[in-house]
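In what follows, a single structure is set out as structure tokens and then discussed.
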Number of protein chains: 2
Amino acid sequence: MISMANLLIMEPLAIDPHSDVPSYAQLANQLRDMISSGQIGPRQPLPSITRIQQETGLAANTIRHGIQVLIDEGLAYTVPGRGTFAAPGE
Amino acid sequence: MISMANLLIMEPLAIDPHSDVPSYAQLANQLRDMISSGQIGPRQPLPSITRIQQETGLAANTIRHGIQVLIDEGLAYTVPGRGTFAAPGE
DNA sequence: TTTCATTTGTCCGTATGTATT
DNA sequence: AAATACATACGGACAAATGAA
């Protein structure tokens with residue numbers, strides 16, 4: 001049975017390594033969706049690199065590459081030692 | 001003896017690994033200077049990664065990172081299989 | 001103050017794939 | 001076919017910032 005609440009739970013990040021879309025781009029796309037859909041609100045933290053590693057099995061550098069895409073797009077910002085957050089402007 | 005011509009020869013790239021400026025940023029700064037000073041003219045190739053490796057001892061990924069900075073700034077562009085070149089606009 | 005865990009930042013080495021010459 | 005060069009990805013290492021204990 002599926003409750004309404006469950007509909008708001010984020011789907012786990014999943015990467016298809018055989019896709020012709022690069023892994024870092026797949027990750028960036030999914031994170032972008034989570035921000036633009038409001039699943040991650042303004043100033044709210046994105047999943048940490050460690051967390052994404054556990055969920056996806058991707059290498060840290062690949063994950064940083066994906067996150068960097070969002071930062072370059074102005075959709076996220078990083079605070080060293082704290083985490084990466086969705087941009088306040090939304 | 002130093003001829004006038006030598007004054008136009010590019011200084012070798014040099015990275016200080018102990019600087020608090022990241023290596024990739026030092027490289028980006030030096031390459032940017034070479035472009036803005038006209039030492040590397042519009043549509044002229046930047047030094048290849050192999051060449052920069054020999055001169056600096058930096059890892060390929062670090063060099064690409066530095067070059068990527070210039071690409072993001074619109075100061076350079078890459079042609080796959082050819083190399084990286086100074087932007088035509090200058 | 002010190003210690004510890006968490007998180008991001010930087011860097012290296014290596015491997016494979018793709019595109020151009 | 002071979003050489004050159006970038007793109008992507010992995011794995012590992014160490015440093016720095018933060019916050020909590």
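Being a predicted model, the structure only gives us computed values, none of them experimental. Below, read A as the first sequence line, B as the second, and so on, with proteins coming before strands; counting in each chain starts at 1.
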Separation of [X] atom [atom1] from [N] atom [atom2], in whole Å?
X: B:His65; N: D:dT8; atom1: NE2; atom2: P; value: 14 Å
X: A:Gln68; N: D:dT8; atom1: CD; atom2: C1'; value: 16 Å
X: B:Ile63; N: D:dA7; atom1: CD1; atom2: C1'; value: 15 Å
X: B:Gln54; N: D:dA5; atom1: CD; atom2: C1'; value: 14 Å

B/S/- along nucleotides 11-21 of chain D (protein heavy atoms under 4.0 Å) is BB----BSS--
Find the distance between [atom1] ([X]) and [atom2] ([Y]) and round it off to the nearest 0.5 Å.
X: B:Leu46; Y: B:Ile67; atom1: CG; atom2: CD1; result: 6.0 Å
X: B:Leu75; Y: B:Ile40; atom1: CG; atom2: CD1; result: 11.0 Å
X: A:Arg32; Y: A:Gln30; atom1: CZ; atom2: CD; result: 10.5 Å
X: B:Thr78; Y: B:Phe85; atom1: OG1; atom2: CZ; result: 8.5 Å

For a quick check under 3.5 Å, do A:Thr62 and A:Ser23 share a side-chain donor-acceptor pair by atom type? no
Counting C-beta onward and ignoring hydrogens, is there a side-chain heavy-atom pair between A:Ser19 and A:Gln26 closer than 4.5 Å? yes
Contact between B:Met34 and B:Leu31 at the side-chain level, heavy atoms closer than 4.5 Å - yes or no? yes
Suppose we define a pair by two distances each less than 3.5 Å, Watson-Crick or G-U wobble; what does C:dG17 pair with here? D:dC6
If the condition is side-chain hydrogen bond (donor to acceptor under 3.5 Å, both in side chains), which residues does A:Gln54 pass it with, not counting sequence neighbours? none
For DNA chain C, note the earliest and the latest nucleotide, 5' to 3', having some atom under 4.0 Å of a heavy atom belonging to chain A. C:dT7 to C:dC12
